[in-house]
Amino acid sequence: MIKKYLNYLIIGLIFLVTILLVLILPNNDNYIKNGKLYINEVMPSNSYTKKDNDNEYSDYIEIYNGYNKSINLEGFHLSDNEYETSRWTFPKMEIGPNEYLIVFSSGKDKCDLKTKICHTNFKLSHEGELITLTDD
């Protein structure tokens, strides 16, 4: 009889701990609701996913603005070098609230402000590397 109640107690405790963990631990929804600007996707081997404005399949980095306001990206940097985090600098341009922005990592180092299509001055390694988004 005691063993039966002990099993119920253990099951109840596991259920309670699970509910508490779900309520306490952060998830992607909380991350977006709290507002963050972050790298959402990196495509280092773009062979057929998305063409750039030169009609080429350049590698790309996708940035997401989780804030409820536009962010001026001027002075923000992208880099594939952990020791040189300001390798490529954004020009004066904005990313809207809850908007995605694709930056092609083609080595072409150019940016069309009307279309918001930019190219970094570096290419991505197909073997994998650290990609950073920083500001001043």
Side-chain angles (χ1 to χ4, degrees):
M1 192 79 148
I2 293 176
K3 189 174 182 180
K4 181 179 176 182
Y5 289 116
L6 188 58
N7 285 340
Y8 286 134
L9 179 64
I10 291 171
I11 291 170
L13 285 173
I14 290 171
F15 178 76
L16 180 63
V17 168
T18 303
I19 295 299
L20 288 173
L21 287 174
V22 167
L23 293 175
I24 294 172
L25 292 177
N27 59 36
N28 284 340
D29 289 340
N30 285 337
Y31 196 75
I32 292 170
K33 288 177 190 171
N34 292 335
K36 303 289 180 191
L37 183 67
Y38 61 91
I39 295 172
N40 186 61
E41 180 181 357
V42 176
M43 179 66 77
S45 297
N46 182 21
S47 302
Y48 57 86
T49 306
K50 184 163 184 66
K51 287 185 178 183
D52 64 18
N53 52 333
D54 295 328
N55 208 29
E56 296 175 355
Y57 288 104
S58 297
D59 299 341
Y60 63 85
I61 301 164
E62 182 182 75
I63 297 169
Y64 178 72
N65 177 8
Y67 289 101
N68 292 326
K69 62 181 181 178
S70 292
I71 302 293
N72 183 353
L73 294 173
E74 184 177 24
F76 279 78
H77 311 284
L78 283 173
S79 181
D80 63 344
N81 185 323
E82 63 185 300
Y83 302 108
E84 185 187 344
T85 57
S86 60
R87 190 151 184 213
W88 182 79
T89 304
F90 279 93
K92 186 175 182 177
M93 62 185 293
E94 288 190 351
I95 180 172
N98 303 304
E99 185 176 273
Y100 296 88
L101 175 70
I102 290 183
V103 179
F104 291 99
S105 186
S106 62
K108 297 176 185 176
D109 195 19
K110 62 182 183 175
C111 195
D112 183 339
L113 297 177
K114 290 180 184 175
T115 61
K116 290 187 176 181
I117 298 176
C118 295
H119 294 258
T120 65
N121 56 356
F122 62 88
K123 293 183 178 184
L124 299 178
S125 169
H126 303 303
E127 297 172 4
E129 60 190 324
L130 176 72
I131 306 298
T132 59
L133 171 65
T134 58
D135 65 0
D136 288 335

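At least one side-chain heavy atom of F90 sits under 4.5 Å from a side-chain heavy atom of L101. You'll find the side chain of M43 stays beyond 4.5 Å of the side chain of I102, heavy atoms only. Side-chain contact between F76 and L133 is present, with heavy atoms from C-beta onward closer than 4.5 Å. Taking the side chain as every heavy atom from C-beta outward, E56 and K108 approach each other to under 4.5 Å. Side-chain atoms of I39 and E41, non-hydrogen and from C-beta on, never get closer than 4.5 Å to each other.
One finds the OG1 atom of T89 at 8.0 Å from the CG atom of N121 (value rounded to the nearest 0.5 Å). Here the OG-CG distance, from S47 to D59, works out to 8.0 Å after rounding to the nearest 0.5 Å. Expressed to the nearest 0.5 Å, how far OG of S86 lies from CG of L78 amounts to 11.0 Å. Taking OG from S79 and CD1 from I131, the interatomic distance works out to 7.5 Å, rounded to the nearest 0.5 Å. Between the CD1 atom of I71 and the CD1 atom of I95 there is a distance of 8.5 Å, given to the nearest 0.5 Å. Note that CD of E127 and OG of S45 are 10.0 Å apart. Values are rounded to the nearest 0.5 Å.
A donor-acceptor pair under 3.5 Å links the side-chain atoms of H126 to the main chain of P44, judged by distance alone. Side chain of S105 to main chain of F122: a donor-acceptor pair is present (N/O by atom type, distance under 3.5 Å, no hydrogens or angles). Between the side chain of T132 and the main chain of T134, no donor-acceptor pair closer than 3.5 Å is present. A donor-acceptor contact shorter than 3.5 Å is absent between the side chain of K123 and the backbone of S58.
Minimum interatomic distance between N72 and E74 (heavy atoms only, all atoms of both residues): OD1-N, 2.9 Å. Taking every heavy atom of both residues into account, K92 and L113 meet most closely at O-CD2, 3.9 Å. In this structure, H119 and I117 approach most closely via the heavy-atom pair NE2-CG2, 4.1 Å. Here the shortest heavy-atom pairing between Y67 and L37 reads CE1-N, 3.7 Å.
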*Between H77 and T85, is a side-chain hydrogen bond (donor to acceptor under 3.5 Å, both in side chains) present by the stated rule, with each step listed?*
CA-CA 7 Å; H77 311 284; T85 57; over 6 Å; no
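For residues 74-110, the set of pairs meeting the disulfide (SG to SG under 2.5 Å) definition, not counting sequence neighbours, is empty.
F104 and Y60 have perpendicular rings, their planes meeting at more than 60° on a 0 to 90° scale where under 30° would count as parallel.
A donor-acceptor contact closer than 3.5 angstrom is absent between the side chains of N65 and E99.
For the pair D52 and K110, the salt-bridge criterion is not met [side-chain N within less than 4.0 Å of a carboxylate O].
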